[in-house]
Amino acid sequence: MVCGWQTRTWNSSDLPSMNWQKIAEAIKKGLHNILDIAAEHGLRLFVPSTIGAFGPTSPRNPTPDLCVQRPRTIYGVSKVHAELMGEYYHHRYGLDFRCLRYPGIISADSQPGGGTTDYAVQIFHDAVKTSKFECNLKPDTRLPMMYIDDCLRATLEVMEAPAESLSMRTYNINAMSFTPEELANEVQKQLPDLQVTYEIDSVRQAIADSWPMNFDDSNARNDWGWKHDYDLPELVQTMLNFIGSDSRIAQAN
């Protein structure tokens, strides 16, 4: 059984039209209902978490599994709530609860949605289509990232891991950590005509500056054998192959 929430990054201009009390209440009730059902029927429950579960007072480089968590977004607060409630149900009712904190996930299968880490997807689309990319984060903003194939495999592996191998209920997982400048340099090795400029979005930059720069995922690697396949060069080549192929098909049609 898998529990997840649709998430979106809102600009501050959206806030007057949002009822945050209702949003928070819906998230909380949905989680509690699923926890109750899973515990009652002896189900195994997986809940995804995120780098957003950490805040500016957390260690950032690297960020361990267990440390201070004081996120400043409702997104992050809801994730910490889910992590702690899952651990409570595990210790109180014996629920087999498992959770992964994902870094920024990069995929060619979906369009970027305006999130803080989505620049790392947008750059590939813009590089192929226009050879121009405007980044909304500072060039030296370091964040942990992962290619979608590694993300999916990690999810399956932690759900299939023997219960006795797990020393905790919530794990960090990581593959690579890079800055916009480092990513742009790697893309330019393949597409040297790419022009990159920076127009900093203060809201997204503040969020990025409060998130981990690098995940310590040593417990996942030691407990259930997590190992990523994609580093930055492999990520860039794979993304350009997928998006370049789609672009050529579109042009032909």
Side-chain angles (χ1 to χ4, degrees), residues 1-58 60 63 65-105 107 110-118 136 143-144 151-152 154-155 158-159 166 168-173 201-212 215:
M1 187 174 188
V2 179
C3 169
W5 297 292
Q6 283 293 105
T7 59
R8 175 189 164 196
T9 299
W10 286 282
N11 293 323
S12 58
S13 59
D14 295 327
L15 296 180
S17 62
M18 304 296 295
N19 189 322
W20 287 105
Q21 290 82 4
K22 288 186 178 180
I23 292 173
E25 187 66 19
I27 291 172
K28 183 176 69 173
K29 284 187 176 180
L31 171 68
H32 292 184
N33 288 340
I34 290 173
L35 286 166
D36 286 339
I37 292 170
E40 180 180 353
H41 294 281
L43 303 176
R44 300 164 63 196
L45 179 63
F46 175 80
V47 175
S49 191
T50 168
I51 55 175
F54 297 98
T57 57
S58 305
R60 296 189 64 217
T63 303
D65 287 303
L66 300 176
C67 65
V68 172
Q69 291 178 258
R70 292 293 185 274
R72 294 184 178 176
T73 65
I74 191 64
Y75 173 64
V77 169
S78 71
K79 293 299 187 181
V80 175
H81 177 72
E83 293 176 13
L84 295 179
M85 287 300 298
E87 289 198 18
Y88 171 76
Y89 270 69
H90 170 71
H91 293 296
R92 179 68 176 83
Y93 303 109
L95 174 65
D96 188 348
F97 170 85
R98 306 182 185 197
C99 178
L100 292 180
R101 296 191 190 105
Y102 297 107
I105 303 301
S107 171
S110 58
Q111 292 294 321
T116 303
T117 60
D118 279 356
N136 53 32
L143 291 168
C151 169
L152 297 175
T155 304
V158 75
M159 288 195 290
L166 305 181
M168 55 187 62
R169 294 290 110 188
T170 299
Y171 288 89
N172 294 342
I173 55 167
D201 182 301
S202 60
V203 174
R204 290 185 178 88
Q205 186 65 52
I207 293 173
D209 289 341
S210 74
W211 283 356
F215 260 162

- Could you tell me the separation between the CD1 atom of I27 and the NZ atom of K79, rounded to the nearest 0.5 Å? 8.5 Å
- Decide yes or no for Y89 and D36: does some side-chain heavy atom of the first lie under 4.5 Å from some side-chain heavy atom of the second? yes
- Message: Using the rule given for side-chain contact (heavy atoms from CB on, under 4.5 Å), can you reason through T63 versus W211, listing the C-alpha separation, both sets of side-chain angles and the distance that settles it, and then say yes or no?
- Response: CA-CA 9 Å; T63 303; W211 283 356; over 6 Å; no
- Message: For R60, give me all partners under salt bridge (Lys or Arg N to Asp or Glu O under 4.0 Å), at least two apart in sequence or on another chain.
- Response: none
- Query: Can you check whether R101 reaches E83 side chain to side chain, under 4.5 Å on heavy atoms?
  - Reply: yes
- Item | Separation between CE of M85 and CG of L45, rounded to the nearest 0.5 Å | 11.5 Å
- 4.5 Å side-chain heavy-atom contact, Y93 and L35: no
- Message: Please find the pair of heavy atoms, one from P71 and one from V80, that lie closest to each other, and give the distance.
- Response: CG-CG2, 3.8 Å
- Task: Measure the shortest side-chain to side-chain distance between I51 and T117 over non-hydrogen atoms and say whether it is less than 4.5 angstrom.
- Result: yes
- Query: Which pair of heavy atoms, one from A82 and one from V47, lies closest together, and at what distance?
  - Reply: CB-CG1, 4.1 Å
- Check A39 against L95 and note the closest heavy-atom contact, atom names and distance. N-CD1, 4.0 Å
- Task: Search all heavy atoms of F215 against all heavy atoms of P103 and return the closest pair with its distance.
- Result: CE1-N, 4.0 Å
- Heavy atoms, side chains only, cut-off 4.5 Å: are Y75 and T50 in contact? yes
- What one should report as the nearest heavy-atom pair of P212 and P144 is O-CD, 3.0 Å
- Flag, side chain of R169 to backbone of E87, donor-acceptor distance under 3.5 Å: no
- Roughly how far apart are H90 NE2 and R98 CZ, rounded to 0.5 Å? 9.5 Å
- Do you know the tightest heavy-atom contact between F54 and V68? CD2-O, 4.1 Å
- Polar side-chain atom of D65 near backbone of Y171 as donor-acceptor pair, under 3.5 Å: no
- Would you call R204 and D209 a salt bridge, using N to O less than 4.0 angstrom? no
